[in-house]
Amino acid sequence: MAVIDVKHLSRFYQVHQKEPGLGGSIRSLFHRKYYDVKAVNDVSFEIGEGELVGFIGPNGAGKTTTLKTLSGLLYPTKGEVSVLGYTPWKRQPEFQKQFALVMGQKNQLWWDLPAIESFILNKEIYEVPKMQYEQTLEELSALLEVKDLLKIQVRKLSLGERMKMELIAALIHSPKVLFLDEPTIGLDVVAQKKMRDFIRSYNLKYKSTIILTSHYMDDVKELCKRIIIIDKGKKLFDGQLEEIVRKYADHKLLSVVLEKELDRRHVEGLTKLGGVKEYNYPKLILQVPRENSNKVASRLLQSYPVADLNIEESQLEDIIREVFTGKDVA
Amino acid sequence: MRKYLTVFQISWQNEFVYRLNFVLLRLRNVIRLLMTYFLWQGVFLTNQTVFGYNQSQITTYIFLVLAVQALVLSAPSSDNIGSEIGSGDLSNYLVKPLGYLKYWFTRDVASKLLNLLFAVFEVAILFFLFRPVITFPASPLAVIAFLVSAILAMILYYFLSVSARFVAFWTPENTWGLAFVIIVIMETLGGSIFPLDVLPQPVYQLLQLTPFPYLIYLPIAIFSEKIVGLELVWILLQSSLWVIIMYLLTKFIWKKGLVVYQASGR
């Protein structure tokens with residue numbers, strides 16, 4: 001049975017529009033024009049136990065709204081949702097004890113107290129047995145390397161350290177289902193990588209089911225086998241990451257390091273081989289149709305001063321962009 | 001139950017972080033008391049009794065207001081609930097097996113107990129400094145009845161202020177103005193500035209139909225033995241009735257509010 005089962009989920013918001021400026025503000029006091037925003041519009045998917053699924057889409061695509069509905073914060077306008085067999089917005093304690101929602105831009109820690117105090121409070125709220133609490137805290141703080149920061153006021157921690165503490169606070173009751181909304185936002189590259197490593201090992205170790213949203217394609221690429229792409233409230237793609245790469249990346253990139261600068265004849269010849277994406281001596285990147293890549297590569301090796309050559313898949317960012325810009329989506 | 005005990009503990013810890021804030025808040029209360037005290041002193045320079053109150057009765061009233069206010073009015077819930085709804089921080093509580101109403105009630109009680117400790121201390125100092133003539137009740141029953149009415153008042157105020165804050169579900173942008181108006185109305189109509197029976201009789205009668213006199217004025221009237229016997233029982237019953245009505249209303253608004261809650265912010 002699927003751990004998360006979403007059928008025809010829709011959530012509409014009513015918002016009012018304000019004309020710009022003070023005049024508009026005054027007018028909006030008396031007369032407001034309301035219209036529906038379809039934040040999520042007829043989205044269905046199923047997620048099995050232990051899956052780590054990436055949820056991607058631009059700002060306002062409906063990712064967060066979906067996660068909020070799955071967490072029971074929002075009532076859906078239409079559709080059915082079941083998480084671990086529960087209806088989230090009934091907010092039964094038995095359900096709440098089994099999942100966690102981490103929002104990269106919201107914190108639950110007590111700002112003026114050391115993080116450990118928030119952990120103790122969560123231990124009581126979730127009724128975690130003492131032994132289990134101590135063991136979990138030990139494991140998590142070791143994995144995230146924050147053992148010596150537990151007794152420091154949260155306000156004194158750096159953003160990266162705080163985010164780790166937020167994760168511990170969210171995981172102290174060992175949730176079976178985890179919703180991570182932009183967990184790496186604002187973090188530096190090193191901290192992002194640490195966070196990713198942690199999420200991966202957590203998923204493997206505890207077999208927890210995880211939905212992850214992120215703007216950083218690296219997060220998705222490294223963590224998720226399966227991705228769901230949504231935009232403007234509609235699901236555009238749901239399947240294996242490899243599949244989307246195969247389907248949409250009809251080009252490969254030939255990345256070449258040259259031995260010496262190309263003469264005119266060579267440069268002219270290049271355009272026949274493929275699109276020049278970048279030429280900045282000694283680096284040359286060619287974009288070629290997938291089926292031609294081997295042929296072009298051997299031509300390059302034969303008649304060009306090549307020091308090194310690599311055949312690479314297109315960047316995931318480029319592929320996703322193509323999906324969004326409305327290439328036919330099956 | 002244990003989770004709320006931990007909430008209580010962490011609330012105290014948090015209050016201790018804001019030492020300066022806390023001291024200033026207490027200072028504000030003392031200054032307010034002194035202002036009212038000296039104002040009435042001035043009035044009594046030329047009058048023996050005012051609105052049927054003599055100097056000692058008024059002084060008693062003012063000192064009791066400080067103690068009762070600490071128990072009834074001061075409440076962190078009312079400073080936070082509106083903004084938590086508006087900013088979407090409410091989401092943090094909603095995903096947990098935790099009652100939001102119980103959570104804030106616990107935090108209120110924690111803060112009130114702390115404030116009450118200090119209020120008793122302050123009243124003692126001021127009492128020592130000014131040696132005012134204070135009328136104490138003759139019967140211990142009045143003290144017990146006073147305590148019961150004060151606790152009912154505390155619960156009543158909680159539901160009144162919380163249900164007012166829930167307006168933020170529908171207008172997340174402007175809760176502050178409304179909150180301010182409600183506080184001023186509750187404090188004044190509750191009797192924290194003057195005893196309500198100085199008001200013209202029709203106004204006083206009309207106020208009896210609202211929950212406000214049960215907040216401050218009536219508990220103090222019970223302490224001063226103005227209300228005794230059958231009337232006392234009647235007042236305590238009515239106070240309990242208001243608590244039940246406001247509890248049901250608060251629950252009702254909460255349920256309605258959650259349906260429109262937008263969990264804004266990311």
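All chains are named by letter (A, B, ...) in the order of the sequence lines, taking the proteins before the strands, and each is independently numbered beginning at 1. Basis for what follows: all heavy atoms, side chains included, without hydrogens, waters or symmetry-related copies.
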Measure [X] against the heavy atoms of chain B and call it side chain, backbone, both or neither at under 4.5 Å.
X         : value
Gln153(A) : side chain
Glu127(A) : side chain
Ile125(A) : both

Shorter than 4.5 Å, heavy atoms on both sides: which option in [options] has the most such pairs with chain B?
options                                   : result
Lys97(A), Arg11(A), Arg91(A)              : Arg91(A)
Asn122(A), Ile120(A), Leu101(A), Leu67(A) : Asn122(A)
Trp111(A), Tyr126(A), Tyr13(A)            : Tyr126(A)

| query | Does Lys63(A) count as lying over the ring of Phe55(A), i.e. NZ or CZ under 6.0 Å from the six-ring centre, within 45 degrees of the axis? | reply |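 Geometry flag: not set, cation outside 6.0 Å or 45°.
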
| said: Is the positively charged end of Lys123(A) above the ring of Tyr133(A), judged by distance under 6.0 angstrom from the centroid and angle within 45° of the axis? | reply: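 Yes.
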
| said: Parallel, tilted or perpendicular, judged at 30° and 60°: which one describes the rings of Tyr103(B) and Tyr93(B)? | reply: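 Ring orientation of Tyr103(B) relative to Tyr93(B): tilted.
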
| task | Using the six-membered ring wherever Trp is involved, compare the ring planes of Tyr75(A) and Trp89(A) and label them parallel, tilted or perpendicular (cut-offs 30° and 60°). | result |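 Answer is tilted, since the angle falls between 30° and 60°.
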
| message | Would you say the rings of Phe99(A) and Phe95(A) are close, in the sense that their centroids are separated by under 6.0 Å? | response |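 Between Phe99(A) and Phe95(A), which both carry aromatic rings, the centre distance is below 6.0 Å.
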
| At a heavy-atom separation under 4.5 Å, does Leu90(B) approach chain A through its side chain, its backbone, both, or neither? |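 For Leu90(B), there is no contact with chain A at all, as no heavy atom is under 4.5 Å.
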
| query | Is chain A contacted by the side chain of Val7(B), its backbone, both, or neither, given a heavy-atom distance below 4.5 Å? | reply |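 Contact with chain A is through both the backbone and side chain of Val7(B).
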
| query | Does the side chain of Tyr261(B) pick up a donor-acceptor pair with the side chain of Ser91(B) at under 3.5 Å? | reply |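 The criterion, which ignores hydrogens and geometry beyond distance, is satisfied for Ser91(B) and Tyr261(B).
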
